[in-house]
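Worksheet for the structure shown next.
Keep in mind that this is a model prediction, so the values were computed, not measured. Both ligands and their constituent atoms are indexed starting at 1 by order of listing.
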Amino acid sequence: MAASVEHDSREGMDAPQTAVEVEETKTFKDLGVTDVLCEACDQLGWTKPTKIQIEAIPLALQGRDIIGLAETGSGKTGAFALPILNALLETPQRLFALVLTPTRELAFQISEQFEALGSSIGVQCAVIVGGIDSMSQSLALAKKPHVVIATPGRLIDHLENTKGFNLRALKYLVMDEADRILNMDFETEVDKILKVIPRDRKTFLFSATMTKKVQKLQRAALKNPVKCAVSSKYQTVEKLQQYYLFIPSKFKDTYLVYILNELAGNSFMIFCSTCNNTQRTALLLRNLGFTAIPLHGQMSQSKRLGSLNKFKAKARSILLATDVASRGLDIPHVDVVVNFDIPTHSKDYIHRVGRTARAGRSGKAITFVTQYDVELFQRIEHLIGKKLPVFPTQDDEVMMLTERVTEAQRFARMELREHGEKKKRSREDTGDNDDTEGAIGVRNKTQEAAFLSSGLEIHKARMSTTAPAGCRSDLDPRYYRLCDKKAAWGIVLEALAGVGAVASVAFMIALLALICKVQDSNKRKLLPTQFLFLLGVLGVFGLTFAFLITLDGGTGPTRFFLFGVLFALCFSCLLVHAFNLTKLVRGRQPLSMLVMLGLALGFSLVQDIIAVEYVVLTMNRTNANIFSELSPQRRNEDFVMLLIYVLFLMALTFLTASFSFQGSFTAWKRHGAHIYLATILSIAIWVAWITLLLVPTIGPQWDDTILSSALVANGWVFLLAYIAPEFQLLTRQQNPMDYPVEDAFCQPQFMKQSYGVVNRAYSQEGIIQGTEETGSTLYAPYSTHFQLQNRDSPKDFSIPRVQTRVSPYSDYEGRKDVS
Ligand SMILES: Nc1ncnc2c1ncn2[C@@H]1O[C@H](COP(=O)(O)OP(=O)(O)OP(=O)(O)O)[C@@H](O)[C@H]1O
């Protein structure tokens with residue numbers, strides 16, 4: 001039931017003595033701790049109790065419920081462990097106490113401390129946490145230990161599923177980091193646990209920060225509790241030097257490296273906000289030769305403990321962690337805490353910086369504040385009640401690191417991506433999802449020792465040892481997809497693109513060879529544009545290789561520049577052809593060769609300008625690697641946005657090709673159908689790849705596959721739906737009926753003067769129809785190659801335009817007898 005806090009020693013309400021007097025005189029024995037435990041404290045080097053121990057132990061020994069609030073590293077674990085062990089010694093009992101902690105690592109640490117203090121009395125502990133084999137935990141629980149140290153979720157599991165295990169005789173319940181345990185994440189679990197443990201028990205809540213939730217629990221589960229608050233609210237340790245660093249977000253990595261160099265020789269805990277950033281930053285630092293190791297919630301428990309132990313044993317000098325390591329972890333040698341990502345909850349700041357300057361030692365904490373973090377930082381300053389000084393840096397020295405850091409960032413991202421793919425594969429193959437520093441391309445010790453002098457070389461050296469099946473071991477890793485038999489899609493696309501390129505060249509040669517055989521001047525005028533189109537298609541097939549080769553400083557700008565430029569060229573050519581057809585099909589005067597060529601180049605030039613501008617702006621004149629450094633999502637969005645003009649061209653071509661179906665000169669419609677089909681299939685391909693690229697569930701590892709497949713598919717659509725059928729019609733003679741007649745809706749503008757030899761077939765027709773006429777004002781679009789070979793005659797021997805389609809026999813009056 002609800003109970004009020006009746007004692008607050010800090011405020012001195014019931015305290016008979018001042019804290020200073022107590023501190024100077026009291027010993028563990030004075031607090032009521034039995035001799036055997038006092039000896040254990042001595043052995044641990046605890047010569048006198050800390051403030052919170054002085055406050056809490058006597059009250060706990062009196063059997064009171066306690067809310068203990070004290071700064072980080074002030075010995076809160078001892079403050080609840082000693083009274084419990086004391087009581088256990090007086091009334092020995094199995095399953096005597098339960099300690100709930102928010103993190104697994106903290107549970108192991110508390111267990112170690114219980115065992116260290118209670119070794120002489122033979123205390124037995126069991127650690128019950130997630131991520132570890134349940135069966136062995138069940139066996140440990142079956143032995144009925146004295147103290148169970150658990151994370152709430154796994155404890156519930158055992159309470160519900162482990163036969164014979166219950167906590168009905170429990171005498172003590174401790175919630176370490178109580179405010180964390182009582183927040184929403186564990187609320188339901190804690191409520192369940194409280195229901196299955198006796199109400200008649202002692203309850204201790206300890207933390208360096210408290211929340212309203214504690215007061216809620218205090219009403220629900222505590223009986224007549226005493227609040228022992230030995231520090232002012234949320235105070236950080238005196239010996240902790242705290243700084244902040246106001247820097248642009250994009251230079252965070254560089255400043256981090258600068259600080260690690262400046263404070264070299266120290267032990268660091270660096271806090272990041274996400275598992276991914278923790279992993280990325282660890283890889284980045286390793287690429288720069290630092291002995292960094294990650295610790296986060298996406299690692300398996302064995303790896304988590306492995307990381308922690310390596311750091312504890314000083315085998316690694318930098319631990320990069322999420323907030324999973326911000327609370328309770330007691331690693332005495334931590335000299336510097338870096339808040340690489342500012343904590344979103346200001347109370348987490350207290351816990352994070354509390355990983356250093358513990359138990360009277362000194363330490364440093366540096367918080368990175370970017371342009372986005374100002375408000376959060378102000379909240380932190382408000383919470384701790386002081387303004388922090390700036391950490392001094394030499395900005396010019398920092399900037400000198402930029403290049404090396406940029407290189408290392410790139411490798412870190414590549415390794416992260418590879419690791420993601422590998423992890424996925426291994427999960428599929430074996431169900432194993434272990435994270436390990438060894439598994440993600442960490443270089444050997446000698447390489448680690450050397451600061452990254454040439455990232456590419458090291459990267460190559462690392463990669464060359466793992467050449468996939470089908471590739472030579474000395475092959476540059478960038479080209480692995482071209483031969484990797486396991487990732488056969490690369491080989492298939494490579495083959496299709498190669499054949500496509502050869503076919504394009506063959507068509508180009510054929511086009512040149514056939515010029516003289518093309519009889520129709522309208523088709524001949526289009527040949528340069530179609531040649532240009534084929535160049536574009538050849539480029540499309542060639543570009544596929546840039547997507548098969550790894551994205552880096554070489555292929556990045558090529559990809560971003562050429563993709564749009566080549567497609568813009570192809571669609572511009574198609575658009576001009578379609579436009580020309582809309583005229584021909586209506587019997588209008590078609591475009592001249594130069595106009596068509598000019599228009600095609602002009603339309604595609606717009607995309608060239610867009611692409612050049614984007615590439616130059618993005619690379620900022622210096623960093624060719626920027627494309628591989630962009631986040632996959634940002635990269636894909638940029639890529640698609642860059643192609644908006646091409647999409648517009650595509651839509652316009654589609655629309656124009658549709659208009660080529662409306663007109664009375666029907667044979668031209670077939671050409672329109674080729675363009676229509678090629679464009680509609682291209683649109684389908686583009687819709688598919690854009691959708692696939694922007695869908696977040698498809699990992700970035702598929703981006704290159706999607707784009708190179710799209711390129712190959714579109715290249716073949718161009719060849720099969722447009723070029724091949726056009727070739728079929730190239731040398732075929734057009735039906736004269738498909739040219740405008742004089743009284744067509746379009747009145748001819750002028751008579752084209754063309755001089756050539758008599759085309760007997762048509763001149764014969766003209767003779768029959770009586771329409772052959774030199775100097776006529778009719779438009780004669782049909783003038784064949786043959787006719788263009790000038791001879792003497794100044795006549796126009798283009799197709800004679802009929803006035804009306806009268807039967808050649810109309811004047812025939814039947815056979816007359818000539819007598
Ligand atoms: N009386 C003491 N004298 C000397 N050292 C002590 C004493 N009590 C505890 N310590 C040591 O102080 C360190 C910090 O103790 P502990 O982990 O209990 O701190 P805490 O207050 O729980 O910190 P946090 O809030 O970060 O969890 C430990 O290494 C512990 O061994």
Seminar exercise, completed: Of Ile54, Thr77, Ile52, the residue with the heavy atom nearest atom 16 (P) of ligand 1 is Thr77
Seminar exercise, completed: In this structure, atom 6 (C) of ligand 1 is nearest to the protein heavy atom Trp46 NE1, 3.4 Å
For this session: For the pair Phe368 and Phe340, name the ring-plane relationship: parallel under 30°, tilted 30 to 60°, perpendicular over 60°.
Result: tilted
For this session: Show which atoms of ligand 1 fall inside a sub-4.0 Å distance from at least one heavy-atom site of Gly75.
Result: 8 (N), 9 (C), 15 (O), 16 (P), 18 (O), 19 (O), 20 (P), 21 (O)
Seminar exercise, completed: atom 13 (C) of ligand 1 has as its nearest protein heavy atom Asp330 OD1, 3.5 Å
Problem set entry | Pair Asp335 + Lys364, salt bridge at N-O below 4.0 Å | no
Seminar exercise, completed: The answer for which part of Arg327 has a heavy atom under 4.0 Å from ligand 1 is neither
Problem set entry | Within the 6.0 Å centroid threshold, strictly below: Tyr244 and Phe377 | yes
Seminar exercise, completed: Within 4.0 Å of some non-hydrogen atom of Glu177, the atoms of ligand 1 are 27 (O)
Seminar exercise, completed: protein heavy-atom neighbour closest to atom 8 (N) of ligand 1 works out as Gln53 NE2, 2.9 Å
For this session: Scan side-chain atoms only and decide if Thr278 and His296 contain a donor-acceptor pair under the 3.5 Å cut-off.
Result: no
Exercise. Hey, are Lys76 and Asp176 close enough for a salt bridge, meaning a charged N less than 4.0 Å from a carboxylate O?
Worked result: no
For this session: Can you pull out the closest protein heavy atom to atom 12 (O) of ligand 1? Residue, atom name and distance to 0.1 Å, please.
Result: Ala359 CB, 3.3 Å
Seminar exercise, completed: Paired with Gln124, the side-chain hydrogen bond (donor to acceptor under 3.5 Å, both in side chains) test is passed by just one of Lys143, His146, Glu115, Arg94, namely Arg94
For this session: Answer yes or no: does an N/O atom from Pro49 fall short of 3.5 Å to an N/O atom of ligand 1?
Result: no
For this session: Examine ligand 1 and decide if any of its atoms is less than 4.0 Å from a heavy atom belonging to Gly73.
Result: yes
Exercise. So, Arg379 and Glu375, do they make that salt bridge, N to O below 4.0 Å?
Worked result: yes
For this session: Starting from atom 17 (O) of ligand 1, find the nearest protein heavy-atom neighbour and note its residue, name and distance.
Result: Arg358 NH2, 3.0 Å
For this session: Using modelled atom types only, decide if a donor and an acceptor are shared between the side chain of Thr367 and the backbone of Asn339 within a distance under 3.5 Å.
Result: no
Exercise. Hey, is ligand 1 close enough to Gly78 that some N/O pair sits below 3.5 Å?
Worked result: no
Exercise. Of all the non-hydrogen atoms in the protein, which one sits nearest to atom 25 (O) of ligand 1, and at what distance?
Worked result: Lys76 NZ, 2.7 Å
For this session: Compute the ring centroids of Phe80 and Phe206, then answer whether they are less than 6.0 Å apart.
Result: yes
Problem set entry | Salt-bridge present (Arg352, Asp341; N to O < 4.0 Å) | no
Problem set entry | For Glu71, the ligand 1 atoms whose distance to one of its heavy atoms is below 4.0 Å | 21 (O)
Exercise. In terms of ring plane angle, is the pair Tyr172 and Phe96 parallel, tilted or perpendicular, where the classes change at 30° and 60°?
Worked result: tilted
Seminar exercise, completed: Atoms of ligand 1 under 4.0 Å from any heavy atom of Ser74, numbered from 1 in the order shown, are 19 (O), 20 (P), 21 (O)
Exercise. When you check the side-chain N and O atoms of Asp191 and Thr188, is any donor under 3.5 Å from an acceptor?
Worked result: no
Exercise. For ligand 1, is Pro332 a contact, meaning one of its heavy atoms is under 4.0 Å away?
Worked result: no
Exercise. Is the shortest distance from a heavy atom of Phe28 to ligand 1 less than 4.0 Å?
Worked result: yes
Exercise. Where's the contact between Lys48 and ligand 1, heavy-atom distance under 4.0 Å: side chain, backbone, both or neither?
Worked result: backbone
Exercise. Of all the atoms in ligand 1, which lie at a distance below 4.0 Å from a heavy atom belonging to Thr50?
Worked result: 1 (N), 2 (C), 7 (C)
